[in-house]
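Report on the following structure.
Since this is a predicted model, take the numbers as computed values, not measurements.
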Amino acid sequence: VIYKQLCTAEKFYPDQLLDILKISSEHEALELADKVEASLVTWRRKTGGLAHSKSSWDMMKDMGGDAGNDKNHILAARARSLLFCLKQRFPELSQTSLDICKIQYNRDVGKAVLESYSRVLEGLAYNVVSW
């Protein structure tokens with residue numbers, strides 16, 4: 001039902017989709033959030049939004065203007081808006097599986113620590129220059 005609404009609806013309204021699904025508990029909301037996040041990551045990878053390195057063939061396909069790429073971009077945008085509305089509707093929603101994995105493997109935490117250090121170093125460099 002979710003995929004059909006994401007693909008076929010000319011105008012996509014995430015609130016209406018959530019009303020159709022009639023989510024009654026936070027457990028159901030968390031399951032839906034996990035599924036939508038997994039789909040979002042897949043569609044973003046297909047559009048090239050998360051690709052780490054591309055082969056020359058992938059670059060040539062991108063230059064050719066892939067129509068499927070555009071569809072994946074639309075699906076990713078719709079999934080992102082659905083996830084946003086879901087989190088607004090259930091503000092006390094616990095962490096999704098993707099969030100747990102990021103924390104477990106220190107992906108987001110590591111970036112936050114590096115950014116903090118860079119801000120401190122920037123402040124120190126400014127003080128040294130001003131002296």
Exercise. Could you list the residues that satisfy side chain to side chain contact (heavy atoms under 4.5 Å, CB included) with S118, not counting sequence neighbours?
Key: E115

Quiz item: By side chain to side chain contact (heavy atoms under 4.5 Å, CB included), which residues pair with I100, not counting sequence neighbours?
Solution: Q95

Quiz item: Are Y126 and L121 connected in the hydrophobic side-chain network, where two residues link if heavy atoms are under 4.5 Å apart?
Solution: no

Self-check item: salt bridge (Lys or Arg N to Asp or Glu O under 4.0 Å) partners for R89, two or more places apart
Solution: D15, D19

Quiz prompt | Pairing residues for A79 by the side chain to side chain contact (heavy atoms under 4.5 Å, CB included) criterion, not counting sequence neighbours | solution = V36, L40, W43

Self-check item: Partner set under salt bridge (Lys or Arg N to Asp or Glu O under 4.0 Å) for D34, not counting sequence neighbours
Solution: none

Quiz item: Should N72 and T42 count as side-chain neighbours, where that means a heavy-atom distance under 4.5 Å?
Solution: no

Self-check item: Distance in Å, L6 CG paired with S39 OG, rounded so as to fall on 0.5 Å steps
Solution: 8.0 Å

Exercise. If a pair satisfies side-chain hydrogen bond (donor to acceptor under 3.5 Å, both in side chains) and one of its residues is in residues 1-14, list it, with sequence neighbours excluded.
Key: none

Self-check item: Atom pair CD1/OG1 of I74 and T47 - distance to nearest 0.5 Å
Solution: 11.5 Å

Quiz prompt | Contact summary for A33 and L93, nearest pair of heavy atoms | solution = CB-CD2, 4.2 Å

Quiz item: Looking at CD of E26 and CG of L30, how far apart are the two atoms once the value is rounded to the nearest 0.5 Å?
Solution: 8.5 Å

Quiz item: Can you name the side chain to side chain contact (heavy atoms under 4.5 Å, CB included) partners of E28, sequence neighbours left out?
Solution: I23, S24, S25

Exercise. Applying side chain to side chain donor-acceptor pair (under 3.5 Å), name anything that partners T96, two or more places apart in sequence or on another chain.
Key: E37, D99

Quiz item: Can you pull the salt bridge (Lys or Arg N to Asp or Glu O under 4.0 Å) pairs that have at least one residue in residues 122-131, sequence neighbours excluded?
Solution: none

Self-check item: Verify same cluster id: Y117, V128 (apolar side-chain graph, 4.5 Å)
Solution: no

Exercise. State the SG-CZ distance between C7 and R78, to the nearest 0.5 angstrom.
Key: 8.0 Å

